[in-house]
Amino acid sequence: MQHRHRIAARGSQRGVTLVVGMIMLVLITLVVLASFHLGRNNLQIVGNAQQRNDALTSAQQTIEAAVNSPLLTSSPASIFPTPCPGWPANTLCYDVNGDGTDDVVAQITPTPTCVKSQVIPLTSLSLTDPYDQTCRTQQPQSCFGQGGACNDSSCANSLWDIRAVAQNLAPNGTSAAIQGPTGVVNQGIAKRVGTNEIATSCP
């Protein structure tokens, strides 16, 4: 009789061990799946942050290219002679990962506007600065002893408002990707212009 009870007890213990083993296997599987999803989500977060940084960097580079272009003040609607292929004026494309294919497009939009301008007086220019010497004009005899416009140089300081928007490129290269971050940079910049440009570029 006791022998039979011992056999039954061993059988029940084996059944409990099987159930416990199955539960542990399910728990381990759940932990592995949770770790996988967490790692994938972290990778996506890092990737999105990198893409956003690339977009902001491209937008900033586009603004710097616009500031360095002589066409900013004379032709603000068409600053770059060779815009991004398949895109309108004032756009530049960038290959951020170095694979030979453009990844980001940045556009100056809307057209840069001149906020204000002020003619530089001759007294504010330095005689030793070559950059200032180009702004000095030969004054006619009628200006001797006179003030007003006769004391003005041929240059003016102007303040411009520029905004650049950068987005990931779609595989076709001629449209923006449906998904992906957008980098927007607004910047006010000062630029010296000729007084003859004020009437057209900065009224």
Side-chain angles (χ1 to χ4, degrees), residues 45-121 124-126 128-136 153-203:
I45 292 172
V46 171
N48 289 338
Q50 180 63 43
Q51 289 181 352
R52 178 170 175 76
N53 288 337
D54 291 340
L56 289 173
T57 301
S58 299
Q60 186 63 49
Q61 288 179 348
T62 303
I63 287 181
E64 292 176 1
V67 171
N68 294 326
S69 172
L71 297 177
L72 171 63
T73 57
S74 61
S75 180
S78 183
I79 301 172
F80 310 121
T82 55
C84 191
W87 287 81
N90 286 354
T91 56
L92 292 177
C93 287
Y94 298 93
D95 177 15
V96 296
N97 57 11
D99 64 351
T101 303
D102 291 329
D103 308 299
V104 177
V105 58
Q107 181 176 12
I108 300 291
T109 180
T111 300
T113 56
C114 180
V115 179
K116 68 176 183 178
S117 63
Q118 184 175 9
V119 178
I120 303 173
S124 299
L125 300 176
S126 172
T128 59
D129 187 352
Y131 188 57
D132 283 353
Q133 288 177 2
T134 59
C135 298
R136 299 186 66 83
S153 71
S154 59
C155 294
N157 288 324
S158 60
L159 183 63
W160 292 77
D161 184 22
I162 302 180
R163 177 177 180 266
V165 179
Q167 296 174 289
N168 287 342
L169 276 170
N172 59 14
T174 58
S175 61
I178 298 176
Q179 295 181 341
T182 300
V184 180
V185 176
N186 282 301
Q187 190 169 338
I189 61 102
K191 192 171 181 67
R192 182 175 288 188
V193 297
T195 52
N196 58 341
E197 296 183 53
I198 295 178
T200 56
S201 64
C202 198

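For P130, there are no side-chain contact (heavy atoms from CB on, under 4.5 Å) partners, not counting sequence neighbours. Every residue meeting the side-chain contact (heavy atoms from CB on, under 4.5 Å) condition with T101, not counting sequence neighbours, appears here in chain and number order: D99. Scanning for side chain to side chain donor-acceptor pair (under 3.5 Å) contacts around T62 gives Y94, with sequence neighbours left out.
Between A77 and A89 the shortest heavy-atom distance is O-CB, 3.6 Å. When all heavy atoms of A59 and A164 are compared, the closest pair comes out as O-CB, 3.5 Å.
Remark: S153 OG to L125 CG distance equals 5.0 Å, nearest 0.5 Å. Distance OG1/T195 to CD/Q118: 13.5 Å, rounded to 0.5 Å.
Listed by first then second residue, pairs satisfying disulfide bond (SG atoms under 2.5 Å apart) with a partner in residues 58-88 read C84-C93, not counting sequence neighbours. Counting only residues at least two apart or on different chains, the side-chain hydrogen bond (donor to acceptor under 3.5 Å, both in side chains) pairs with a member in residues 68-89 are T73-E197. Sorted by first and then second residue, the side-chain hydrogen bond (donor to acceptor under 3.5 Å, both in side chains) pairs involving residues 157-167 (not counting sequence neighbours) are S158-W160. The list of salt bridge (charged side-chain N to carboxylate O under 4.0 Å, His left out) pairs with a residue in residues 72-88, not counting sequence neighbours, is empty. Here salt bridge (charged side-chain N to carboxylate O under 4.0 Å, His left out) pairs that include residues 54-75, with residues two or more places apart or in two chains, number zero.
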Would you be so kind as to tabulate the donor-acceptor pairs closer than 3.5 Å made by side chains of residues 103-115, with sequence neighbours excluded?
unit_1: D103; atom_1: OD2; unit_2: V96; atom_2: N; d: 3.0
unit_1: D103; atom_1: OD2; unit_2: N97; atom_2: N; d: 3.4

What side-chain donor-acceptor pairs closer than 3.5 Å can you find for residues 180-192, not counting sequence neighbours?
unit_1: Q187; atom_1: OE1; unit_2: Q60; atom_2: NE2; d: 3.1
unit_1: K191; atom_1: NZ; unit_2: V67; atom_2: O; d: 2.8
unit_1: R192; atom_1: NH1; unit_2: D132; atom_2: OD1; d: 2.8
unit_1: R192; atom_1: NH2; unit_2: D132; atom_2: OD1; d: 3.3

